[in-house]
2 protein chains.
Amino acid sequence: MTELAKRSPFLRGFEQLFALSSDELDFLHRLESQSKEVPARRPLLGDGKSYDYALIVLQGWLIEYKILRDGRRQVLNFRLPGEIAGIDSLAYAAIPHSVAPLVTSKVAVLPLETFHDLQREYPRLGSVLFLMTLREEAILHQWEVRLGRRDAYARIAHLFMELYRRLHLRGLTDGPSFHLPATQEDIADCTGLTTPYVNRILQRMRRDGLLRFDGQVIELLDAPHLAEVSGFKPGYIEDWGNGIQPQRMEQAHQA
Amino acid sequence: MTELAKRSPFLRGFEQLFALSSDELDFLHRLESQSKEVPARRPLLGDGKSYDYALIVLQGWLIEYKILRDGRRQVLNFRLPGEIAGIDSLAYAAIPHSVAPLVTSKVAVLPLETFHDLQREYPRLGSVLFLMTLREEAILHQWEVRLGRRDAYARIAHLFMELYRRLHLRGLTDGPSFHLPATQEDIADCTGLTTPYVNRILQRMRRDGLLRFDGQVIELLDAPHLAEVSGFKPGYIEDWGNGIQPQRMEQAHQA
DNA sequence: CGTATTGTTGACGAGTGTCAAAGACCGTGG
DNA sequence: CCACGGTCTTTGACACTCGTCAACAATACG
């Protein structure tokens, strides 16, 4: 149990799906062992450039984003501990977006060559990565709906709900609160809004008694109502499919 | 060559990446052989339901979409010939979106079991599907940018450019024209706009001499300018990565 | 030929964006 | 310990893109 609590979120992502063989475990361990700390806000991967590796997030928060010609920015997704950023290096000579940490974070390099080894020699692990990618897609679909068909209030509420649940699955929430190291500008660039407007909406949410924040800690005071106004349903995050249930996180949480 | 021109878009998707062994070819052929015709606009997969199969599109146009509680709709993506709809059945017990054909189309069923066989016995094919999924993701990223950070004019222009290039890769364009079996309401639900507004924008584009359409055929009169105003860059569609170049399509095109 | 679907138009209003300035906050160095 | 500079948040006044609603025209379809 203490043994298990020490698992990185990356390893837990696999163990949620099945028990790892010791070979597989070794392999994943080796991957993680070469981790390095990266400073906040300094891009790790640049749109249009070539890389022969992807990044495994071990700690912290990364964003994937694009900058338009006129300087506007759209955040495409967050990358939380246990997720992989930049796998598209596999499919593209020039990756089609940038990646940067929001705060000082810890990442491990995953060389494409190693990735191919993984696919060849540990097909079960390969399948898991494939599944992870499919779940990524489901998340992106939600981002599309949010951007295309929800108003500002619902967009922000929905984003917070999503982040809360994603973090919760990883044992990274604290009761109804979580740490969100994003500026209002970041939130604006996630939701397709502008900074001043995000500010006004956040104030309204506070007045409505839906949330509270000091510093970078957000507390969801009324999650059910937030879910209601934003049309948030957690299925795409928590439905683990095919009868495989997510391992209970309480252990890690209270560790 | 005539041999090759007869290949389905699905097969060609694989052959763009490497030469198929005869075993692999047989396997894919068997998949396609069980195709059936599906009528326009009648949903094939329903949001929240369970399926033990995905669909390979052989002919026609499908959309993936979500309906919100209040009836609004967001189209998430198109599925063109050669693509697979509903692979998320793999990752979710309840798929998180609906799928429907825009017009009478031809699809083949891909049982999940068969999919697992594929992954096990034809790892190279599995890799291709993985790559396809990564490219899906890049396309979804573009949809996010479009919805989040472009105005109505650019959204529509960008959408048309994307569709044109995606179709072109499959040899489904006709010079500067292509068949788009979507109503203005469909376009509105792709771009996060409303039908009347889409209508007005389309008129402006016509007046600006950018495009023309009769019936469901759209002709791009000034693709460079369309690309310019919408910030469209085709890299995410055509960059085939890792030195693998897309097979020339002219052959199929003029067939 | 009707009848349903799709496209088109108008008047109006609401939701967000824009721009610019002022406060709050926070780390840093003197 | 306070002053300073930078980043982030908050505010206001105003403009404008886009949505809403409703009617009508055109087109496809059976």
Side-chain angles (χ1 to χ4, degrees), chain A residues 39-42 61 63 68 70-75 100-104 146-159 179-207 211-218 229-230, chain B residues 39-42 63 68 70-75 100 102-104 146-159 179-207 211-218 229-230:
Chain A
R41 302 274 168 187
R42 199 166 281 107
W61 286 69
I63 53 173
L68 307 199
D70 60 8
R72 280 179 304 180
R73 181 179 66 153
Q74 175 68 44
V75 172
L102 287 179
V103 288
T104 307
R146 216 153 53 202
L147 290 165
R149 286 293 183 229
R150 297 193 203 281
D151 66 16
Y153 200 91
R155 284 189 208 177
I156 295 178
H158 194 278
L159 175 65
H179 177 79
L180 176 63
T183 65
Q184 295 186 1
E185 190 181 356
D186 294 328
I187 296 172
D189 290 341
C190 287
T191 50
L193 303 166
T194 56
T195 315
Y197 203 60
V198 166
N199 185 277
R200 287 185 239 262
I201 301 281
L202 287 178
Q203 287 175 52
R204 257 173 59 202
M205 288 183 167
R206 257 184 306 196
R207 270 204 305 283
L211 48 82
R212 192 161 58 185
F213 38 95
D214 24 42
Q216 304 190 320
V217 175
I218 294 198
V229 300
S230 66
Chain B
R41 303 273 168 188
R42 199 167 279 105
I63 52 172
L68 306 199
D70 59 8
R72 282 179 304 179
R73 182 179 66 153
Q74 175 67 44
V75 172
L102 287 180
V103 288
T104 307
R146 215 153 55 203
L147 291 165
R149 286 292 182 229
R150 298 194 204 278
D151 65 18
Y153 200 91
R155 283 188 209 178
I156 296 178
H158 194 278
L159 176 65
H179 177 80
L180 176 62
T183 66
Q184 294 184 3
E185 190 182 355
D186 294 328
I187 296 173
D189 289 341
C190 287
T191 51
L193 303 167
T194 56
T195 315
Y197 203 61
V198 165
N199 185 280
R200 287 186 237 263
I201 300 281
L202 288 177
Q203 289 176 51
R204 259 174 57 201
M205 287 183 169
R206 258 186 303 199
R207 270 204 306 283
L211 48 82
R212 191 161 57 188
F213 39 96
D214 23 43
Q216 303 190 322
V217 175
I218 294 198
V229 300
S230 65

Participant: Going by an N to O cut-off under 4.0 Å, is there a salt bridge joining A:Asp189 and B:Arg149?
Facilitator: yes
Participant: Starting at CZ of B:Arg41 and ending at P of C:dA4, how long is that distance when rounded to a whole Å?
Facilitator: 18 Å
Participant: For a quick check of understanding: with a heavy-atom distance under 4.0 Å over all strands, which category does B:Gly215 fall into, base, sugar-phosphate or nothing?
Facilitator: nothing
Participant: In whole Å, I'd like the distance from the CD1 atom of B:Ile156 to the P atom of D:dT17.
Facilitator: 15 Å
Participant: Which whole-number value in Å describes the distance from B:Arg155 CZ to D:dC18 C1'?
Facilitator: 9 Å
Participant: With a 4.0 Å cut-off on heavy atoms, is A:Thr194 in touch with a base, just the backbone sugar-phosphate, or nothing at all?
Facilitator: base
Participant: Indicate, with a heavy-atom threshold strictly under 4.0 Å, whether A:Leu193 touches base, sugar-phosphate, or nothing.
Facilitator: sugar-phosphate
Participant: Taking donor-acceptor contacts at under 3.5 Å, does the side chain of A:Arg200 reach the base of D:dG12?
Facilitator: yes
Participant: Using atom CG of B:Leu147 as one end and atom C1' of D:dC18 as the other, report the distance to the nearest whole Å.
Facilitator: 15 Å
Participant: Nearest whole angstrom, please: distance from the P of D:dG19 to the CD1 of B:Ile201.
Facilitator: 9 Å
Participant: Is B:Arg212 atom CZ crowded by more than 12 heavy atoms from other residues, nucleotides or ligands, each under 6.0 Å away?
Facilitator: no
Participant: Could you tell me how far apart A:Asn199 (CG) and C:dA24 (P) are, to the nearest whole angstrom?
Facilitator: 13 Å
Participant: Pick the closest DNA chain D nucleotide for A:Ala182 and for A:Arg149 by heavy atoms, then say which residue is nearer the 5' end.
Facilitator: A:Ala182
Participant: Grab the CZ-P distance between B:Phe213 and C:dT8 for me, whole Å please.
Facilitator: 6 Å
Participant: Which nucleotide, D:dC18, C:dT18, D:dC21, lies nearest any side-chain atom of A:Pro196?
Facilitator: C:dT18
Participant: Taking only side-chain nitrogens and oxygens of A:Gln203, does any of them come within less than 4.0 Å of OP1 or OP2 of D:dT11?
Facilitator: yes
Participant: Would A:Asp70 and B:Arg150 count as a salt bridge (Lys or Arg N to Asp or Glu O under 4.0 Å) here? Give the steps.
Facilitator: CA-CA 11 Å; A:Asp70 60 8; B:Arg150 298 194 204 278; over 6 Å; no
Participant: Rounded to whole angstroms, how far apart are CZ on B:Arg207 and C1' on C:dT8?
Facilitator: 13 Å
Participant: Do B:Asp151 and B:Arg146 sit within salt-bridge range, that is, some charged N less than 4.0 Å from a carboxylate O?
Facilitator: no
Participant: Does B:Arg206 reach a base, just sugar-phosphate, or nothing at all? Heavy atoms under 4.0 Å.
Facilitator: sugar-phosphate
Participant: Shortest non-hydrogen contact from B:Thr194 to B:Ala188?
Facilitator: C-CB, 3.7 Å
